[in-house]
Amino acid sequence: MKIVIVGGVAGGASAAARARRLSEAAEIVVFERGQDPSFANCGMPYYIGGEIEVRDKLLVAPLSLLRERHRLDVRIRSQVEAIDRQNKTVTVRSLDDNRTYQESYDQLILATGAAPLKPPIPGIDSTGIYTLRDLQDADQLHAVATGGAKSAVIVGAGFIGIEMAENLVRRGLAVTIVELADQVLPPWDKEMVTPIESHLESSGVALRLGDSATAFTAKEGHVVVTLKSGDQLETDFVVLSVGVRPENQLAKVAGLDLGERGGVKVNRYMQTSDPHIYAVGDVVEVTDVVSSSATQIPLAGPANRQGRIAADHIFGRETYYRGTQGTAVVGVFDMAAAMTGLSEKVLQRLGMDYEKIYIHPAHHAGYYPGAQPMSLKLIFEPTTGRILGAQAVGRQGVDKRIDVIAMAIQADMNVLDLEESELCYAPQFGSAKDPVNMAGFVASGVVRGDHPVVHCDQILSAVQAGTVLIDVRSEKEFSEGHIAGAINQPIDSLRDNLDSLPNDKPIIVYCYVGMRGYLATRILLQNGFEVKNLSGGYKSWRMFADA
Ligand code: FAD
């Protein structure tokens with residue numbers, strides 16, 4: 001069996017190593033265009049910023065290890081230029097001497113990844129404009145960031161843009177992020193990233209949201225970035241991070257089926273429309289676990305797992321890929337945002353019915369020193385409670401909660417299962433009612449009808465239509481800030497004042513994070529009032545108002 005793999009980083013290297021573990025006899029050839037196979041793309045921003053001090057740490061499986069330990073025939077600086085499906089050969093160009101030759105295969109695996117998008121903006125090829133994909137890019141950015149540059153403009157506030165902002169600030173640069181969307185981290189819902197935006201700004205990053213770069217002009221060793229708003233930013237250099245596109249040229253020319261967004265179409269075993277050609281990683285179209293629709297989700301975990309599955313299938317194993325659910329986390333200085341499954345905006349775009357709840361618990365027991373607040377949004381089907389997605393932001397513990405919910409999604413669990421999840425607890429690690437349980441309690445209350453909720457974007461119209469808005473916090477909390485139009489009726493005296501409340505009008509109650517509002521809702525419901533609780537309370541309201 002001769003396996004040829006195109007691309008030797010996440011998906012390709014995983015496929016090669018797995019294939020070797022399954023067969024000592026197989027001939028395995030890996031072609032990698034770059035200088036280094038199996039490097040840590042995800043670590044590159046932190047090398048540029050100095051957190052990772054030694055470049056070699058990014059070489060996860062160096063060439064010598066792949067060749068000696070795994071006996072892989074890894075050929076670097078070797079670009080595959082064409083596939084002859086009829087004769088089962090690829091044409092390879094050796095980039096060192098420009099020689100081309102044919103290599104035969106029994107099974108071919110394409111792991112060519114995704115290339116940074118470069119939109120056709122005037123001046124985009126000017127000096128001083130960088131993208132970040134491979135170690136050569138990282139070397140260049142490391143050199144400029146440590147070579148006396150004072151400022152940088154980052155175009156695009158996705159994962160790479162945000163990570164680069166943090167790392168360039170770490171190097172002492174003045175950083176501005178320009179983002180077309182009206183929020184950072186566009187995969188998240190807007191209200192969830194408002195704490196992240198404030199944190200970026202307080203850490204020294206200037207945000208130009210809802211704006212975009214329309215031209216780049218080189219000027220005396222600087223770059224002038226002209227924005228759609230008309231403003232101009234003069235900077236030492238620009239990092240362009242506006243997304244990636246699947247590197248599908250080989251597959252396209254070979255006539256393999258592609259999806260709408262250019263990803264190579266594969267079956268659950270990672271086979272393309274040609275059964276002797278597999279494709280894995282950022283170059284493939286995947287099925288979204290929650291919506292079952294076709295999508296592109298470029299992440300390292302899926303690429304690594306798909307590589308293993310392709311190798312498994314080649315050697316007759318029964319594993320298959322279950323789809324991608326977009327479980328992701330990004331660090332933003334000492335905060336983090338994590339998500340899994342579908343966001344509210346994607347659910348709206350797909351026309352899927354959903355309900356949501358917000359909670360704002362501490363990441364471990366509040367009485368134990370160091371408890372940090374987090375905000376967690378859980379999205380689910382209103383009647384069945386099937387979990388559709390979750391997002392969390394905070395300083396500690398958000399990754400853990402989203403990972404647990406990610407597993408629940410993969411197991412097709414519903415919010416009632418979250419109530420019953422048995423999770424680790426000691427006060428320095430969590431709470432006896434973990435945030436995951438809490439989210440389950442609140443969402444299950446909604447599904448069961450015990451806890452009718454309302455959301456921030458519904459408040460104003462409800463009040464205008466005559467709904468009575470009651471703030472059940474203390475007089476002191478109320479005096480320090482409340483939603484316009486609210487009356488104050490503290491929870492502790494609510495039962496004594498039921499007679500003063502209107503029983504002919506709907507009522508919305510709220511507190512700071514939703515807990516006292518829930519108690520008030522239960523009291524009022526059992527006394528015959530028509531009442532809903534503002535999910536996540538005043539804290540959600542502040543996130544919504546800032547969004
Ligand atoms: P790649 O790892 O990109 O490898 C593809 C390789 O194929 C490339 O080295 C390329 O040179 C080679 N190649 C392409 N065409 C040819 C050809 N014709 N011939 C020979 N070789 C070819 N994901 C996360 O989940 N978490 C993170 O924190 C994270 N951080 C990231 C940070 C950065 C800066 C970057 C760039 C990406 C990050 N990612 C992260 C994304 C993650 O790295 C990718 O999803 C993953 O590497 C995809 O694996 P892949 O094998 O499909 O492609």
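Ligands are counted one by one from 1 in listed order, and the atoms in each one are counted from 1 as well. The figures here come from the full heavy-atom set of this structure, side chains too, leaving out hydrogens, waters and symmetry mates.
- Looking at Q79 and F31, their side chains never come closer than 4.5 Å, going by heavy atoms from C-beta outward.
- Of all atoms in ligand 1, numbered sequentially from 1 with element shown, those under 4.0 Å from a heavy atom of G281 are 52 (O).
- The residues K118 and D125 are annotated as salt-bridged, a charged nitrogen and a carboxylate oxygen being separated by less than 4.0 angstrom.
- A donor-acceptor pair shorter than 3.5 Å cannot be found between the side chains of D288 and T295.
- With a 4.0 Å cut-off on non-hydrogen atoms, L132 touches ligand 1 through its backbone as well as its side chain.
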Using distance only, find each side-chain donor-acceptor pair of residues 331-342 under 3.5 Å and give its atom names and separation, not counting sequence neighbours.
unit_1: D334; atom_1: OD1; unit_2: H199; atom_2: NE2; d: 2.6
unit_1: D334; atom_1: OD1; unit_2: R395; atom_2: NH1; d: 3.2
unit_1: D334; atom_1: OD2; unit_2: R395; atom_2: NH1; d: 2.9
unit_1: T340; atom_1: OG1; unit_2: Q325; atom_2: NE2; d: 3.1
unit_1: T340; atom_1: OG1; unit_2: T327; atom_2: OG1; d: 2.8

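- Remark: ligand 1 atoms within the under-4.0 Å shell around heavy atoms of F31 are 20 (C), 21 (N).
- Contacts between Q249 and ligand 1, counted as non-hydrogen atom pairs separated by less than 4.0 Å, are absent for every part of the residue.
- A heavy-atom separation below 4.0 Å is not found between D134 and ligand 1.
- A side-chain donor-acceptor contact under 3.5 Å links T235 to the backbone of S151.
- S104 and T89 share no side-chain donor-acceptor pair at under 3.5 Å.
- S14 does not count as a contact of ligand 1, since none of its heavy atoms falls under 4.0 Å from the ligand.
- Scanning the protein for heavy atoms near atom 22 (C) of ligand 1, the closest one is R33 CB, 3.8 Å.
- Close approach of ligand 1 to I160 (heavy-atom distance below 4.0 Å) involves ligand atoms 33 (C), 34 (C), 35 (C), 36 (C).
- Using a 4.0 Å heavy-atom cutoff, F159 is absent from the residues neighbouring ligand 1.
- Counting protein heavy atoms only, atom 23 (N) of ligand 1 is closest to A300 N, 3.3 Å.
- Nearest to atom 16 (C) of ligand 1 by heavy atom, out of D282, N304, T112, is T112.
- Near P298, the atoms of ligand 1 lying under 4.0 angstrom from a non-hydrogen atom of the residue are 45 (O).
- Among L95, V80, V280, the residue whose heavy atom lies nearest to atom 18 (N) of ligand 1 is V80.
- Results of the side-chain contact (heavy atoms from CB on, under 4.5 Å) test with Y320 over M270, H313, R268 single out R268 as the only residue that passes.
- The number of heavy atoms from other shown groups lying within 6.0 Å of CZ (R67) is above 12.
- Which parts of ligand 1 touch E247 is read off a 4.0 Å heavy-atom cut-off, strictly below it: atoms 14 (C), 15 (N).
- Checking Y46 against E166 by side-chain atom types alone, no donor-acceptor pair falls below 3.5 Å.
- In this comparison of I297, V6, V30, the heavy atom closest to atom 17 (C) of ligand 1 sits on V6.
- For the residue pair Y278 and Q306, no side-chain donor N or O sits within less than 3.5 Å of a side-chain acceptor on the partner.
- No donor-acceptor contact under 3.5 angstrom links the side chains of Q140 and Y130, judged on distance only.
- Residues H363 and Q372 have side chains that never bring a donor and an acceptor to within less than 3.5 angstrom of each other.
- Side chains of N41 and R133: a donor-acceptor N/O pair is absent below 3.5 angstrom, by distance only.
- Looking only at side-chain heavy atoms (C-beta outward), V9 and E32 come within less than 4.5 Å of each other.
- Of all protein heavy atoms, the one closest to atom 12 (C) of ligand 1 is E32 OE1, 3.4 Å.
- Residue A303 has at least one heavy-atom neighbour below 4.0 Å for each of these atoms of ligand 1: 48 (C), 49 (O).
- Closest heavy-atom approach to atom 20 (C) of ligand 1 within the set P302, S78, G326, A40: this belongs to S78.
- A salt bridge (Lys or Arg N to Asp or Glu O under 4.0 Å) check over residues 10-21, counting only residues at least two apart or in different chains, returns the pairs R18-D312.
- The protein heavy atom nearest to atom 31 (C) of ligand 1 is C42 CA, 3.5 Å.
- In terms of protein heavy atoms, atom 53 (O) of ligand 1 is closest to G113 CA, 3.2 Å.
- Ranking the protein heavy atoms by distance from atom 5 (C) of ligand 1 puts A111 O, 3.3 Å first.
- Scanning all protein heavy atoms for the shortest distance to atom 4 (O) of ligand 1 gives V9 CB, 3.4 Å.
- Among protein heavy atoms, the minimum distance from atom 3 (O) of ligand 1 is reached at R133 NH2, 3.3 Å.
- Numbered from 1 in the order shown, with element, the atoms of ligand 1 that lie under 4.0 Å from a heavy atom of G7 read 6 (C), 7 (O), 12 (C), 21 (N).
- Under a 4.0 Å criterion applied to the non-hydrogen atoms of A10, ligand 1 contributes the atoms 2 (O), 46 (C), 47 (O), 49 (O), 51 (O).
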